[in-house]
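One structure is given below, encoded as structure tokens.
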Amino acid sequence: MKNTSKSIEKKFLHFTSEIHLLLQNSFDFLTALKIFHKSTKDSQLKSATESAINKIQNGKSITEALFSNEFSILPIFYRTVFSTAEKSGTFNIALKNLELYMKKRADFENHIKRILVYPLMTISFAFLALFIILFYFMPSLNYIYHELKINLPLPTKFMLLLAPKISILLFPLVFAFFILAISFIKSPFKKISLLGKIKSLSPIVEWFNCYYLSFHFSLLTGAGIDFMQAIEILAKEKNFEKIENVLSDIKSGIAPSESFSKYISLPPIFYESIRIGIERGEINTTFKYLLQNSQNKLENTTAFFQAFLEPLLIISTALFVGIIIFFCLYPILTLSDFSPIY
């Protein structure tokens, strides 16, 4: 089975957690790696750690040995955190931070996915109802009305005339919707920026961007990497294309807060906080604060959004299906009012 960055990242979280636990019990990194290799039942992790052990024993660095196999497809900043920890001898602290942030991100991503499940189920029900109406209900009614030669009201004529045209578009529409929904659920942080084009949702997107950036900067600066080096690392990542522009501006003498405001949609507190954090030399503390603040803000906002969206979807779905059925059945409900066409 083909490895994906997502599946490897989950295994890397498990690996990080176990190695951190062993380091806390005063084992050195190589011994911890050997213990993990013997205890793990995952074939990929067993293969990766066996290869890493051999390379370390042959003189390779821990970082080079670990990230030359299955873990090589992970983002560059993971490698950088390990490399920095190896040079400074702070593996225990680095792995603790890495484990903490990876778990926090996974928990929050699962929170977003759970919120999306109910709206998707409601929309799926609407599609199912529409499918039954278009492919079973309407053709049967059209046949009955044709046999009875009833002079139909305009709304009913419109519904019956429009049904075949909608039927043609239904399958591509449903397919496109589910592809988009699956891709959104699999990686909500990568797709959330698309919602920024909707003006009413732009504040949510700003806080998502704040959370996403703060997460990565907290991880890097917490490992002892300075702010400029952290920006250079993220600029190389494929999901941080705009950071390249930020880096270019900073190198030309523009303040970081101003550079971020030019290229990335973020809440005003982000720009002001990093300005103060740089001035005070407390940038890691700043990003920890921004990370926690943005997560709380998003959880509150998404909870309100969920509470508002769920009844709205139920009511709108019921109205949509109800109006179609009403106008289709209207001639039968008032059959005595219509005279047949001879």
Side-chain angles (χ1 to χ4, degrees), residues 1-24 29 32-53 55 62-86 91-117 120 179 181-192 208 211-220 222-223 233-234 236-240 291 294-295 298-299 302:
M1 188 176 70
K2 186 179 178 181
N3 293 329
T4 62
S5 178
K6 202 72 177 175
S7 64
I8 293 296
E9 198 165 351
K10 286 181 180 178
K11 292 181 180 183
F12 185 67
L13 172 58
H14 170 66
F15 168 80
T16 302
S17 178
E18 292 296 316
I19 294 294
H20 173 238
L21 187 62
L22 290 167
L23 291 177
Q24 280 187 313
F29 195 92
L33 202 59
K34 289 178 179 178
I35 294 171
F36 177 83
H37 171 69
K38 290 180 181 179
S39 62
T40 184
K41 295 180 180 179
D42 188 284
S43 58
Q44 284 183 321
L45 288 177
K46 189 173 281 292
S47 171
T49 50
E50 182 179 8
S51 174
I53 290 166
K55 288 179 180 179
I62 292 173
T63 305
E64 189 179 355
L66 275 176
F67 290 90
S68 59
N69 299 298
E70 279 81 351
F71 294 152
S72 62
I73 66 172
L74 288 169
I76 296 170
F77 60 84
Y78 288 134
R79 180 194 294 262
T80 307
V81 169
F82 262 76
S83 178
T84 306
E86 185 173 8
F91 263 123
N92 199 10
I93 297 171
L95 290 181
K96 180 181 178 181
N97 289 335
L98 195 58
E99 179 189 2
L100 176 66
Y101 286 117
M102 288 177 74
K103 282 183 177 179
K104 185 177 286 191
R105 179 184 170 179
D107 289 344
F108 186 66
E109 194 165 316
N110 289 333
H111 170 73
I112 298 300
K113 289 177 181 179
R114 285 194 298 270
I115 289 174
L116 292 173
V117 167
L120 291 177
I179 290 295
I182 291 169
S183 66
F184 201 97
I185 287 176
K186 286 180 70 176
S187 54
F189 291 130
K190 295 178 184 177
K191 302 294 185 297
I192 198 70
F208 261 105
Y211 177 87
Y212 198 58
L213 284 177
S214 299
F215 170 81
H216 291 90
F217 278 122
S218 295
L219 186 58
L220 291 169
I233 292 165
L234 291 183
K236 297 175 184 177
E237 296 289 343
K238 62 180 180 179
N239 297 321
F240 294 90
L291 179 63
S294 57
Q295 181 169 344
L298 282 170
E299 285 177 351
T302 50

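Keep in mind the model is a prediction, meaning the values are calculated, not measured.
- Phe82 and Phe12 have their aromatic ring centers within a separation under 6.0 angstrom.
- Atoms CG and OH, on Leu13 and Tyr78 in that order, are 8.0 Å from each other to the nearest 0.5 Å.
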Before giving the answer on side chain to side chain contact (heavy atoms under 4.5 Å, CB included), spell out for Phe217 and Leu291 the whole-Å C-alpha distance, their side-chain angles and the decisive distance to 0.1 Å.
-> CA-CA 9 Å; Phe217 278 122; Leu291 179 63; over 6 Å; no

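- Annotation for Ile35: atom CD1 counts as buried by contact number, over 12 foreign heavy atoms lying within 6.0 Å.
- Rounded to the nearest 0.5 angstrom, Thr16 OG1 and Lys11 NZ are separated by 14.0 Å.
- Looking at Ser17 and Glu99, their side chains do bring a donor and an acceptor atom within 3.5 Å of each other.
- Among all heavy-atom pairs drawn from Thr40 and Asp42, the shortest one is OG1-N, 3.3 Å.
- A donor-acceptor pair under 3.5 Å is absent between the side-chain atoms of Ser51 and the main chain of Ser47, judged by distance alone.
- Residue Phe91 holds its CZ atom at 10.0 Å from OG1 of Thr84, rounded to the nearest 0.5 Å.
- In this structure, His14 and Phe36 have tilted ring planes: the angle between them lies in the 30° to 60° band.
- Between Phe215 and Tyr211, the ring planes are parallel. Angles under 30° get that label, and only those over 60° would be called perpendicular.
- Test Leu95, Ile19, Asn92 against Gln24 for side chain to side chain contact (heavy atoms under 4.5 Å, CB included) and you get one pass: Asn92.
- Here Lys236 contributes atom NZ and Thr80 contributes atom OG1; the two are 7.5 Å apart, rounded to the nearest 0.5 Å.
- A donor-acceptor contact shorter than 3.5 Å links the side chain of Thr49 to the backbone of Leu45.
- Shortest non-hydrogen contact noted between Leu33 and Ala52 is CD2-CB, 4.0 Å.
- Salt bridge status for Glu50 with Lys46: absent, with no side-chain N to carboxylate O gap under 4.0 Å.
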List the steps, then state whether side chain to side chain contact (heavy atoms under 4.5 Å, CB included) holds for Val81 with Asn97.
-> CA-CA 10 Å; Val81 169; Asn97 289 335; over 6 Å; no

Determine, step by step, whether Leu23 and Lys96 satisfy the side chain to side chain contact (heavy atoms under 4.5 Å, CB included) criterion, reporting the C-alpha distance in whole Å, the side-chain angles of both residues, the deciding distance to 0.1 Å, and the verdict.
-> CA-CA 10 Å; Leu23 291 177; Lys96 180 181 178 181; over 6 Å; no

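- Summarising the geometry, atom CD belonging to Gln295 is positioned 10.5 Å from atom CZ belonging to Phe208; distances are rounded to the nearest 0.5 Å.
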